Every structure is written in C-alpha cells, then in structure tokens.
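Remember, predicted model here, so these are calculated numbers, not experimental data. Chain identifiers are assigned alphabetically (A, B, ...) following the order of the sequence lines, protein sequences preceding nucleic acid strands; residue numbering begins at 1 within each chain.
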Protein chains: 4
Amino acid sequence: MELTDKQIQIIETAERLFAERGFDGTSVRDIAHEAGVNIAMISYYFGSKEKLMEALLEWRVGSIKIRVESLIQDDRYSPIEKVNMLIDEHIDRAMQKQPFHKIMVSVQVTNKNPAILKAANKVKLRNAKVIAELIKDGQKKGVFKKKIDLIFMLNTLVGTVNQSMMSLDYYREFNGQMDMPDEAFQLTIKRKLSIHIKTLFKAILTNES
Amino acid sequence: MELTDKQIQIIETAERLFAERGFDGTSVRDIAHEAGVNIAMISYYFGSKEKLMEALLEWRVGSIKIRVESLIQDDRYSPIEKVNMLIDEHIDRAMQKQPFHKIMVSVQVTNKNPAILKAANKVKLRNAKVIAELIKDGQKKGVFKKKIDLIFMLNTLVGTVNQSMMSLDYYREFNGQMDMPDEAFQLTIKRKLSIHIKTLFKAILTNES
Amino acid sequence: MELTDKQIQIIETAERLFAERGFDGTSVRDIAHEAGVNIAMISYYFGSKEKLMEALLEWRVGSIKIRVESLIQDDRYSPIEKVNMLIDEHIDRAMQKQPFHKIMVSVQVTNKNPAILKAANKVKLRNAKVIAELIKDGQKKGVFKKKIDLIFMLNTLVGTVNQSMMSLDYYREFNGQMDMPDEAFQLTIKRKLSIHIKTLFKAILTNES
Amino acid sequence: MELTDKQIQIIETAERLFAERGFDGTSVRDIAHEAGVNIAMISYYFGSKEKLMEALLEWRVGSIKIRVESLIQDDRYSPIEKVNMLIDEHIDRAMQKQPFHKIMVSVQVTNKNPAILKAANKVKLRNAKVIAELIKDGQKKGVFKKKIDLIFMLNTLVGTVNQSMMSLDYYREFNGQMDMPDEAFQLTIKRKLSIHIKTLFKAILTNES
DNA sequence: CATGAATGAGTCTTCATTCAT
DNA sequence: AATGAATGAAGACTCATTCAT
C-alpha cells in the first residue's frame, strides 16, 4: 500500500496522540487538527479511525521485519553476538519510536479490537520464529543451554524495555537526574539497559555455573 | 476513606471494565449497568469518572503496602530468600489481580491524567524504597553484588510479569496449550515465571562466576 | 407501552415532519427543535430515529384496530351498510390523519427498512382478514358476488383515497376552488369521495346487471 | 435537451435507486458508484442532485405524452374502447417502469421540492385535459354518464395501480404465490388489474342500471 | 472534457454530568 | 440518601459540492 505525504502526516500525528492519550482518548478531530488537515480526510483516506490504527501498525511494522531477518542471517557473527545485537537493536528502536511501542503496549493490554490484536500478534509470532532459529543454532553449536523458554525470554526483553520506557520520568526523579539534557539521559539509559539485559540473557542462555 | 458495599461493588466493576476496555473505552453507563446501580450514583459517590479511577487505585494499593513491608522486615529469612519470596508474591498478585495490573500498565503508558500517574508513582516509589533496604542488607552481608541498579531490576520483574500476563493467550497458542484448563494453565505459568525470574535475579544480584 | 406527554409531543412532531419531508429528509435536529425538546431526547426516549418511526407506527395503529373490528361485528347493519360505513370510516381517518397516511405510503413505496415495512404489512393483513369475514358474510347472504378479489378491492379503496389526499392542491386548482375555505373544501372532498368509492364498490361487490 | 449515453446511464441508475431508497436515502456516491462513473460527474453533468431528479422526470415524461395523445385521437375506436386501451396502457407502463412510478408517488407524497412537484403536476394536468376531451366525446355520443368527476376517476386508476404495484410482495404472500416465477406473476397481476379497473370504470362512466 | 482530491456542513448517536424530587 | 429525567458537548462519520489539474 502506497502512502501519500499527507497520509503519512496523518499517521505520524495519530501515532503520537494515540501514544499520549490512548486510542479512545484521541478524537479524530484532534488528529486532524494537529495534522493540519480537514476532519473528513481521516475517513476519506483511511475509512475510519480503526482503519487508521491498522494502517499505522502496518506502516511501522513493515519497516521492522526486514532488518531483523537480515541481521539474523548474517554469518559473520556468533549466536551470542547476534543475540546481543538483537538486544541493542530492540532498545534502539524502542527508544527512538517510543510512541509506536507505547501503542503496541496499549493494544495488548486493552485487547478490545481483535483485528488490531491479531495484527500485533502476527508481528510477534514472526519475530519469535526468526529468533527461535537463532536459539536453535546456538544450541546446536553448544553455546546455549538446552532448555530455554523463548517466549519468557522475549517477554523479559520487551517487558523490561517497555517498563523502562514508560517510566523514564520516574527513573529520572528517583536518581535525581532531572537536570540532565534529554539526549544525554536517553544515551545513558540505553547504555545501562543494554548492559542490564545482556547480563540477564547471558544467565538464561548460557551454562556458566 | 471508608467505602460502603455499594461503592466497592462499583469499584470492582470499574476495575474489570477499565482493564478490559481501557478508561476511555468504558462508559459510566456501562459501569453502572454492570454493577446494577443507578447511572447517577458514580458521580454521586465519587464525584466523577476520574475520581472513581483514583479511588480504585487507592483502594487496591492500600491493601498491598502492608504485606510487602511486613515480609521484608521478617528476620527469619535470608536476603536471597526474601527476594525470592518477593518475586513469588508479585507473580501471585499480578496473576490474581490481573485487571488491576492491566490498569496500572494503562495508567503508565497513557500518562494523560497527572493526578493518577502521580498516585501510581507514589506506590512504586514506596515499594522501591523498601526493597532498596533489602538490597543494602544483602550487600552488607556480602551476598549481593555492590553495583545493582534497583529500578532496572524492578523494571525487569514488573515488565516481564506484565508482558507475560498481557500475552497469555499468545503464549498458549504458541505452545499449543489451547485445551489446557484455565486453572492448570495459570499454575504452570506461575511456576515457570517464578523459575525464570529467579534465574534472572540471581544473575543480577549475586557474584557467581 | 406507555407514552409520556413529551414522548407523544415528539411523535406527533415527527409524524408531521416525516409526512412533509420524508424519513430521510427529516433530521432529528429538526424534530427536536420543532418539538421544543433537547436533541438527545430522541435517542434517550426511543433509542434511535428508526425506533422513533416504529413507535410512531405502533402508536397510530394501536388506536385503529379496535374501531374497525367493533364496527364489523355490529349486528345491526347489513353487509352492504357495513362496507359503506367502512369506506366512510377510512375516508374520515385518512383526511383527518393525513400525515400518518402519507407516511404509510412512503413506507410502502420506499421499502428500505424491513422492520417498518413488516409492521405496516401486519396492519394491512389484520384489516384484510377482518374485511374478508365481512365479504364472506355478504356472499353467504347472497348479496355479494361470488368472485371478489379482496386485495384489489382494498387497493382501490386505499389507493383512491391516498391519491386524492396527495393531490388535494392539484384538485383544487383543476376545479378552480382555490378560494374555498379549507374546512369547506375538505368536507366537499370527503362527500364526493364517499359517493365515488361507494359507486365503485357496488360495482365490484353486487350483481346488478 | 440532448442526453449523452453516460448521462442516460446515470439517470437510469438514479431512477432505480431513488425508487428503492427514496431521494434523500440515495447518495450521489451510490449513484455514481453503481453507474460506474466518477462522483464529480453528477454535479458536472446535471449541476446538482436535485437537477438530476428534474432531468430524470423530464426524460421519462417526454416519452409518455406522445403515446397518450395519439391513442386518443385515433378515430377507429369507440370512447369505451379508448378508455379501456388507456387503462391497459397505464397498467403496462406502470408495471414496466415501476421505479419511475414509485418516484412519482414519492414526489407527490413528499412535496418538498416545489419545482419537482410542479413538473409532476404539469404532466398530470396535460393528461387530464386530453382525457377530458375523450370523456366529453363519450358524453356527446350518449354512451357516458353526464356527471363524471374526472379527477376522482383518474385518482382511482392511478391510485389503484400504484397501490397494487407497491404491495406486490404483500399480494403474493397473501395469496400464497411466493413460488410463482416473477414474469408469470406480473402477467397475472396485469390481467386481473385490467379486468378490475375496467369494471370500476364501466360503473363510473356508463348508465347500466 | 473529465476527475481525484479535498472540504465545510451536516448526519445520528453517545457521553459524563446535573438537578429537581 | 438516592434517582429518573434531562441536557450541552462531543463523538465518529457521510454528505453534496467544488476546484485545480
């Protein structure tokens, strides 16, 4: 599906507002107003508010899949290196596209719309399958444990990152870093998160005791 | 704040519906109807829909704090045992009160209402401080690492549990356990989650290499 | 179903406007405005615009059925007298409740809403059955023909009256009676229509050649 | 006014939809979509939705007038034969062009648009005048009654046919002819209607007692 | 000549809240 | 103390029409 500039403009505005206020908390009036377009354009372009949400998911998701798969298939890295890259990749993406990831959380917690939930699950399933391959490869090479619960592992990755992302302000306040510039703070967080999660994954994946 | 039976009835209905459909996706009409009370009662008792949400948070949170603090202060257990008990306590609570925890996620992801977000943060802060004591105690006794990022650790606990809770159906489908009875499935999940997170915490907290 | 004064007020306004402008040509805004009530009241009282239409039909129809049946069962009149009374009864009703009868025509010509059409047909069917009894009685007594197509007969009654009602202005203009007072004109029409249709029915029902 | 193929295509689609759903119940979008033309074409070709309706009336009416007048002026038939032919002609036309006749009923019942109503009345007036000549001729020849109300007579013709046309399904159900093929059913109806109305007209027009 | 894009006004309905009782 | 009736505001969406291309 090809998207015009105006459609992308609408989608990006919707993404921000859906993340900030939730789907039901955002009116098409608000979206249209902030995107600088006529209210009728949302229905005109996307059919409905729900279809707009679906278009938004598809648009963001479409760009993700290619990067993950190509990263996995690269033969220059060891399984453990690949896992680490995956972690960094996910953290980067989550921090950079915070609104989108917040929406993904919303979609899952409020499983009101089956179509949207299904779309979200499809993405998760595809990613899970790709990573399952990576795990198997590591197990075959003897560097990973034999018993690994893939879903829990991914839940820890996604859950920890999401939880951290959702409580950035809280973290700042708790550590007294209210004065640190945004960019510097985000860099710090990303670095710390990376180390933290890699430590966790090492414990889950490898036999080191 | 004293709550009458009817007020609790309303709050419990609201909790379920807010979790299922989100705050904005739930109408006062729905709550009143499902709680079997008059529509005007919500405003009459709580002032407004938002105030009802605040009352709901306060009500659930009030019962939590006592249990956590008393558990920590118990001298019969070692720091590592206490941490493990804390993990199980949290998993149990999250699985048992899923609606409430879903609401907590919603509140954090959609930081629309400052008053509500503030209330949620207060709880987190109090818990964090109590657990910080526990960590310090473990460090003093030499069983815990010196460098521990408390918030990330809690983010992993809360995030992993939430993410797992929000994707129970997905997990079921992925593992082909659609036919397992609900109760048995929940027990399995809780047990697996417990082992998983304890493994993670051991890696974060202790020096075992 | 009991109707409050305000509900009747709304229904009567709706009846007039639906007759004047058609169902789709009438907005709930218009109805509410002309009835002097809040816009939301239509949905509040009747659920929707369509339900309002159904309520309107039921309300008007409810008062009709009793009169027709009791008239038929009266033993003091001969079949031919009863038929004549039925004709006058119908003409009177149609002229007095013109808006309602116009709506009935609209409903039948634009069979968009199955529920409403069904309701209208139910009325017609019930009337047809009652009159069928009357015809049979006349045939048994030897005053009516043996071969009578009930539906066509009723179509002539209803169709002629409706067509006349719908073109009152045209009739006036054609006969140069633009200056006659409304009331006098209506009386003239009713009298002429009565003679006209009774002549028709005599030809259909009786053997007089 | 010359009409291109595309314009006729639009008009015919509009005719069908106006008949099925009413004028206000039909959107320009629907017409354009079902006619397979661009949405903007209706405004482009006809100026507006109302103008399209006027064009539709003019288009259909134009083809009618010639046939009626020529039939009347034919000297080979007696007045009574001419009346009978007129009845059959009208029945045929009504059954064949049901959509158009339904629209004519709609226009008259919902006299919202004066321009359209006026156009419809012009046709009726012209027909009435032609038939008035026929009646006078019959009266001069002594085969028709002296006192005949032309308008009521025409109202019976048009009203009976319209009412029958609008309730074809009801008639079918009432007489248990749901399984009869459409074409056969229409033929039966036309034949019965013809006999029915000719009986009526004989009673109105001639002295046979 | 024809049309895709765009729009302001309008549609019906639902919302949370208030108020008289 | 409790509630049924009522409402203004806002909800998402569709409308007929216009205009630049």
Nearest-Å distance for atom pair CE/P, residues C:Met53 and E:dC12: 13 Å
Judged by nearest nucleotide, the residue sitting upstream toward the 5' end of DNA chain E, A:Met41 or C:Ser43, is A:Met41
Whole angstrom is fine here: how far is it from CG in C:Asn38 over to P in F:dA9? 10 Å
Separation of F:dT3 atom P from B:Ile42 atom CD1, nearest Å, is 11 Å
Tell me the interatomic distance from B:Asp5, atom CG, to F:dA1, atom C1', rounded to whole angstroms. 16 Å
Rounded distance (Å) that lies between atom C1' of F:dT17 and atom CD of D:Glu50: 13 Å
Kindly check if the number of other-residue, nucleotide or ligand heavy atoms within 6.0 Å of CG (A:Asp169) is above 12? no
Any strand counts, and the cut-off is 3.5 Å on both contacts for Watson-Crick or G-U wobble. Which nucleotide pairs with F:dA20? E:dT3
Provide the Watson-Crick or G-U wobble partner of E:dT11, both distances under 3.5 Å; none if there is no partner. F:dA12
Both D:Arg29 and A:Ser27 contact DNA chain F. Which one's nearest nucleotide lies toward the 5' end? A:Ser27
Starting at atom CG of A:Asp24, determine the distance to atom C1' of E:dC15, rounded to an integer number of angstrom. 12 Å
In whole angstroms, the gap separating C1' of E:dA2 from CD1 of D:Ile10 amounts to 12 Å
Considering all heavy atoms of both residues, which atom of C:Lys51 and which atom of C:Phe46 are nearest to each other, and what is their separation? CB-O, 2.8 Å
Just to confirm, is there a sub-4.0 Å distance from OP1 or OP2 of F:dC13 to any side-chain nitrogen or oxygen of A:Tyr44? no
Provide, to the nearest angstrom, the distance between the CG atom belonging to D:Asp30 and the C1' atom belonging to F:dA16. 12 Å
For the side chain of B:Lys49, starting at C-beta, report the closest nucleotide among F:dA12, E:dA16, F:dA2. E:dA16
Counting only N and O atoms by type, is there a donor-acceptor contact under 3.5 Å from the side chain of C:Lys102 to the main-chain atoms of C:Met165? no
Are B:Asp30 and B:Arg21 close enough, and set up right, to give a side-chain contact (heavy atoms from CB on, under 4.5 Å), and what steps lead you there? CA-CA 11 Å; B:Asp30 294 340; B:Arg21 315 174 189 179; 3.1 Å; yes
Quick check: on DNA chain E, is the nucleotide nearest A:Ala40 upstream (toward 5') of the one nearest B:Val28, or the reverse? Name the residue that is more 5'. A:Ala40
Given F:dA2, is OP1 or OP2 found less than 4.0 Å from the side-chain N or O atoms of B:Tyr45? yes
For D:Thr4, report the nucleic acid contact type (base, sugar-phosphate, nothing); a contact means any heavy atom under 4.0 Å. nothing
Using the six-membered ring of B:Tyr45, assess whether NZ or CZ of B:Lys6 lies under 6.0 Å from its centre and within 45 degrees of the ring axis. no
